[in-house]
Structure formats: C-alpha cells, structure tokens
Amino acid sequence: MRTSCVATLLALYVLSVVAFASSDSTAAPSPAAATIEKFNVFHNLDLGDYVQRGEVQLLDDGTAQYQSIGVQNPPQFTDTDALSQDPAKYTVVLQSTQGKAQYVLPVDRCRLSGSDKTEETFVFHTTNLGNVFHVDYDAGETANCLQKSQESSVRPIVFTRALLKPRTIGPTPKLAAVASIDAATGKEKQPEQQKSFLAKYWYYIIPLVLVLLFTGEESQQEGNTRR
C-alpha cells in the first residue's frame with residue numbers, strides 16, 4: 001500500500017515538472033528593440049574621399065549597434081566642401097537618415113597607424129526623450145603618434161563600440177550661509193539670539209498700556225462725579 005502511494009506521488013511530481021517546462025518553452029519571446037534613429041557612417045581613410053563604411057542604429061532599449069555595410073562600391077558623401085581637408089586628420093561623418101543632423105568627428109590620423117587592431121568608440125549623448133544632442137568619438141591610440149611619423153599608413157577600423165549616454169541631472173548643491181567675521185578679532189561672529197515680541201516692541205507697548213490706564217481712570221472719575 002505504501003509503495004503504491006509513493007509511486008503515485010512521484011508520478012504527479014514528474015508530470016508537474018514536465019508541465020512547467022513546457023509552459024516556459026511555449027512562452028512568447030520578448031519583442032525586439034525598435035530603432036529610434038539611424039546614422040550613416042562616412043570616413044576618409046583615403047584622403048579626399050568620404051565613403052560610407054557602415055551605419056549606427058540607436059535602439060529604444062538604451063543600446064546602440066554598429067553594422068558594416070560591406071559593399072565593394074560604397075556610397076560617397078558628396079557635400080565635402082564644409083569638411084576639413086587636413087591630411088593629418090582622419091575624419092568620421094555621421095549623417096542622420098531621419099533629419100538634417102550631422103556630426104563631423106576628426107581625430108589625428110597617426111592614432112590609426114599602430115600594429116594592433118584599431119578600435120573606435122562612439123558615445124551618443126541623448127536627452128530624456130532619446131534625441132541626440134552631442135557625439136563623442138575616440139579611435140586608435142595616442143601613443144602611436146609618438147612612435148611613428150605622421151606619414152605612416154593608417155589601418156582600417158577593426159572593432160567599433162557604440163554607446164548611449166542619457167543626460168542626467170546632478171544633485172542640487174546646498175548653499176551654506178555666509179559667515180560673518182569680526183574685524184577686530186578675525187573670528188566668526190556668533191549668530192544673534194532672536195528676541196521675543198515684548199523685547200522687540202516694548203517701547204510701543206508700554207506707552208499704549210499707560211494711555212489705556214489713564215483713560216480708564218478719567219472715565220471712572222467722571223462717572224463717580226455724575227452720580
């Protein structure tokens with residue numbers, strides 16, 4: 001009898017575990033993050049020409065993703081008149097696909113001349129509504145400029161990191177009261193003690209009380225005389 005009860009309990013336990021596992025496996029997957037804004041990434045790895053090498057997508061889950069386009073004949077950035085043609089600068093241009101926002105991000109070209117894999121980082125500063133108002137950019141290593149000449153050939157970017165940094169409001173500072181210094185002693189004056197109502201206005205109260213007292217005595221004497 002005991003054996004059959006134990007077997008029944010074990011069977012019920014196994015069935016419950018299987019049912020729980022199947023419910024987890026059939027749960028709806030979480031929705032994919034939507035794109036808030038997209039930027040086309042142009043650069044002048046070859047001096048004089050700005051060609052597209054990828055795009056950055058800003059997602060509504062607080063992340064950003066970079067994707068290389070990987071085409072043989074990439075699109076070119078045509079409006080290069082306002083861009084710097086300094087041969088010592090490697091310049092990246094971010095152009096929004098949803099508006100006229102454009103960010104020109106130059107760095108020293110010698111930073112990309114190292115033998116290691118060249119990395120870059122985009123930091124998108126956003127408002128509370130997710131709108132980009134500033135972009136920071138860093139690529140390569142400063143030490144490469146100290147070791148090699150400006151004419152060294154640059155290496156293409158191998159790894160790209162894109163970050164979102166929402167704007168935050170810092171703590172409100174607490175302003176301390178201005179200390180009063182005694183000119184004679186050079187020490188801080190002690191705060192004066194607050195006087196009571198009577199101590200402040202006694203010179204108004206005493207005459208008023210005297211007037212009321214004398215006025216009351218005169219009216220009382222006149223009443224007695226009439227009687």
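- Scanning for ring-ring contact (aromatic ring centres under 6.0 Å, His included) contacts around Tyr103 gives an empty result, with sequence neighbours left out.
- In this view, Asp138 and Arg111 satisfy the side-chain hydrogen bond (donor to acceptor under 3.5 Å, both in side chains) rule, not counting sequence neighbours.
- In this structure, Asn44 contributes its side chain and Tyr90 its backbone to no donor-acceptor pair below 3.5 Å.
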Pair Val56-Val41, side chain to side chain contact (heavy atoms under 4.5 Å, CB included): steps then yes or no: CA-CA 7 Å; Val56 177; Val41 182; 3.8 Å; yes
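- Under the 3.5 Å distance criterion, the side-chain polar atoms of Thr97 are matched with a main-chain donor or acceptor of Lys38.
- Atoms NE2 and CG, on His43 and Asp49 in that order, are 10.0 Å from each other to the nearest 0.5 Å.
- Atoms CG and CD, from Leu59 and Gln65 in turn, are 5.0 Å apart once rounded to the nearest 0.5 Å.
- In this structure, Tyr50 OH and Phe77 CZ are separated by 9.0 Å, a value rounded to the nearest 0.5 Å.
- Side-chain atoms of Gln102 and Ser96 form no donor-acceptor pair, as typed in the model, at a separation below 3.5 Å.
- Atom CD of Gln52 has more than 12 heavy atoms from other residues, nucleotides or ligands within 6.0 Å.
- Every residue meeting the ring-ring contact (aromatic ring centres under 6.0 Å, His included) condition with Phe124, not counting sequence neighbours, appears here in chain and number order: Phe39.
- For residues 118-135, the pairs satisfying salt bridge (charged side-chain N to carboxylate O under 4.0 Å, His left out) are Arg53-Glu120, Glu119-Arg161, with sequence neighbours left out.
- Taken to the nearest 0.5 Å, the CG atom of Asn144 stands 4.5 Å off from the OG atom of Ser113.
- Two rings, from Phe122 and Tyr137, have their centers less than 6.0 Å apart.
- For Asp60, the side chain to side chain contact (heavy atoms under 4.5 Å, CB included) test picks out Ala33, Ala34, Ile36, with sequence neighbours left out.
- Without hydrogens or angle criteria, Asp108 side chain to Cys110 main chain gives no donor-acceptor distance under 3.5 Å.
- Panel note: side chain Thr215, backbone Val211; a donor-acceptor pair is recorded below 3.5 Å.
- For Gln95, the side-chain hydrogen bond (donor to acceptor under 3.5 Å, both in side chains) criterion is met by no residue, not counting sequence neighbours.
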